[in-house]
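Here's the structure we're looking at; comments come further down.
The analysis underlying the following values was restricted to heavy atoms, covering all of them including side chains, and did not include hydrogens, waters or symmetry mates. It should be emphasised that the depicted structure is a prediction, and the values quoted were computed from it without experimental measurement.
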Amino acid sequence: MDCKNCGTPLLKTYAYCPVCGAKVIKKRLTFRSLCQDIVVRYLDLDNSFFKTLRHMVYCPEKVTIAYIDGVRKRYLNPFSLLGISFFLSGINLLLLRKYAWDRIDFDDLFGGGAARRTLEITMEFNSLIYLLYLPVMAIGGLLLFNSRKYNLWEHLVIATFSLAAFNFLLSLVTIGWVLIHPQHYLMISILLSIVMMLYTLFVYIRLSQDSWWLTLLKGIGYCCIFFGGIVGTSLFVNLLLLLFGIISFEDFAPK
């Protein structure tokens with residue numbers, strides 16, 4: 001038989017292709033084999049999903065430095081981790097729509113009508129909006145925390161790892177919040193955005209090789225860049241909604 005990926009002739013005793021490294025699949029796809037593949041790829045301790053997530057919590061520099069230096073087997077690919085986190089956040093949005101929507105107090109924020117319409121629209125593009133944070137985080141790291149001389153693309157890898165790990169843990173928190181106490185979902189979302197800023201700052205501080213006082217000054221600058229990026233993204237989204245007539249200025253008027 002030949003390798004289904006690269007066409008190399010294989011012996012019957014081969015479990016993996018000696019050329020491309022792909023696993024030799026000899027049986028037809030079944031529900032059981034599909035479940036086993038998912039478990040091996042994402043939930044098996046040996047495939048480093050949990051190791052990646054665990055290390056991103058208390059020693060993120062090990063994950064990011066290893067990946068940038070070329071280590072590919074020890075930790076999960078950042079984009080795979082991001083995809084898993086988006087899947088979990090999708091479950092959160094589904095619960096938000098089907099279970100908690102009518103119980104959310106939109107008057108928690110200024111312009112409750114606009115907040116309601118904006119949330120309705122942004123839920124459709126939640127992953128895309130999250131991706132807009134990546135360049136903000138990467139540029140902040142490039143400008144202020146670049147003692148290791150990483151380029152922009154390497155800082156995007158750091159930002160992707162940070163956003164993916166935080167979004168995964170954030171989704172676990174917000175799923176519980178939606179199920180238990182959905183009324184003040186908007187307020188807790190704002191607070192968690194601040195926590196996200198502090199977490200990404202923590203990742204860069206762990207990567208920093210500067211003195212503590214210089215790190216403190218750079219941390220303040222990074223928070224300003226991050227906060228400006230979030231505000232700018234929110235204003236950009238609301239401006240698009242205004243231009244397309246989805247919301248109006250009257251929606252921002254207090255009741």
*CA sep, side-chain torsions, deciding dist, call: Y75, M56, side chain to side chain contact (heavy atoms under 4.5 Å, CB included)*: CA-CA 10 Å; Y75 297 109; M56 283 301 300; over 6 Å; no
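- Using a 4.5 Å heavy-atom cutoff, the side chains of K51 and R74 are in contact.
- The two atoms that bring A138 and A159 nearest to each other are N-CB, 4.1 Å, heavy atoms only.
- Following chains of ILVMFWY side-chain contacts shorter than 4.5 Å, one cannot reach F79 starting from L88, and the two form parts of different hydrophobic clusters.
- Rounded to the nearest 0.5 Å, atoms CZ (F202) and OG (S208) are 12.5 Å apart.
- We find the CD-OG1 distance between Q209 and T215 to be 10.0 Å, quoted to the nearest 0.5 Å.
- Put simply, the side chain of V195 does not reach to within 4.5 Å of the side chain of L198, judged on heavy atoms.
- To the nearest 0.5 Å, atoms CG (L172) and CG (N92) are separated by 9.5 Å.
- Here OG of S171 is found 11.0 Å from CG of L95. Values are rounded to the nearest 0.5 Å.
- Contact of the Y204 side chain with the S162 side chain is not registered, since no non-hydrogen atoms from C-beta on lie closer than 4.5 Å.
- Note that CD1 of I158 is 9.5 Å distant from CE of M137, once rounded to the nearest 0.5 Å.
- A heavy-atom distance below 4.5 Å is found between the side chains of L170 and T174.
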*asked:* Would M196 and L163 count as a side chain to side chain contact (heavy atoms under 4.5 Å, CB included) here? Give the steps.
replied: CA-CA 8 Å; M196 178 171 67; L163 183 65; 3.8 Å; yes
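- Taking hydrophobic clusters as Ile, Leu, Val, Met, Phe, Trp and Tyr residues chained together by side-chain heavy-atom distances below 4.5 Å, F168 shares a cluster with L191.
- No continuous path of ILVMFWY side-chain contacts below 4.5 Å connects L217 to L201, so the two sit in separate hydrophobic clusters.
- Between L134 and L156, the shortest heavy-atom distance links the atoms O-CD2, 4.0 Å.
- Under the 4.5 Å side-chain criterion, counting only non-hydrogen atoms from C-beta, W153 is not in contact with I68.
- There is a path of hydrophobic side-chain contacts, each under 4.5 Å, that joins L76 to F87.
- Shown here are the ring pair (Phe, Tyr, Trp, His ring centres under 6.0 Å) partners of F86, two or more places apart in sequence or in another chain: there are none.
- R206 meets the salt bridge (Lys or Arg N to Asp or Glu O under 4.0 Å) test with E61; sequence neighbours excluded.
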Solution key, residues 218-230 side-chain donor-acceptor pairs under 3.5 Å, sequence neighbours excluded:
unit_1, atom_1, unit_2, atom_2, d
K218, NZ, L144, O, 3.1
K218, NZ, D210, OD2, 2.8
Y222, OH, T200, OG1, 3.2

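- In terms of hydrophobic clustering, with Ile, Leu, Val, Met, Phe, Trp and Tyr side chains grouped at heavy-atom distances under 4.5 Å, V157 and L131 are assigned to a common cluster.
- Here the shortest heavy-atom pairing between S85 and A164 reads CB-O, 3.4 Å.
- When every heavy atom of N146 is checked against every heavy atom of L142, the shortest pair comes out as CB-O, 3.3 Å.
- Ring geometry for H55 versus Y58: interplanar angle over 60°, hence perpendicular rather than tilted (30 to 60°).
- Here the CG atom belonging to N77 is positioned 4.0 Å from the OH atom belonging to Y67, to the nearest 0.5 angstrom.
- Here the side chains of L207 and F145 are not in contact, with every heavy-atom distance at 4.5 Å or above.
- Within the 4.5 Å cutoff, no side-chain heavy atoms of L169 are placed close to those of Y199.
- Contact of the Y99 side chain with the L94 side chain is not registered, since no non-hydrogen atoms from C-beta on lie closer than 4.5 Å.
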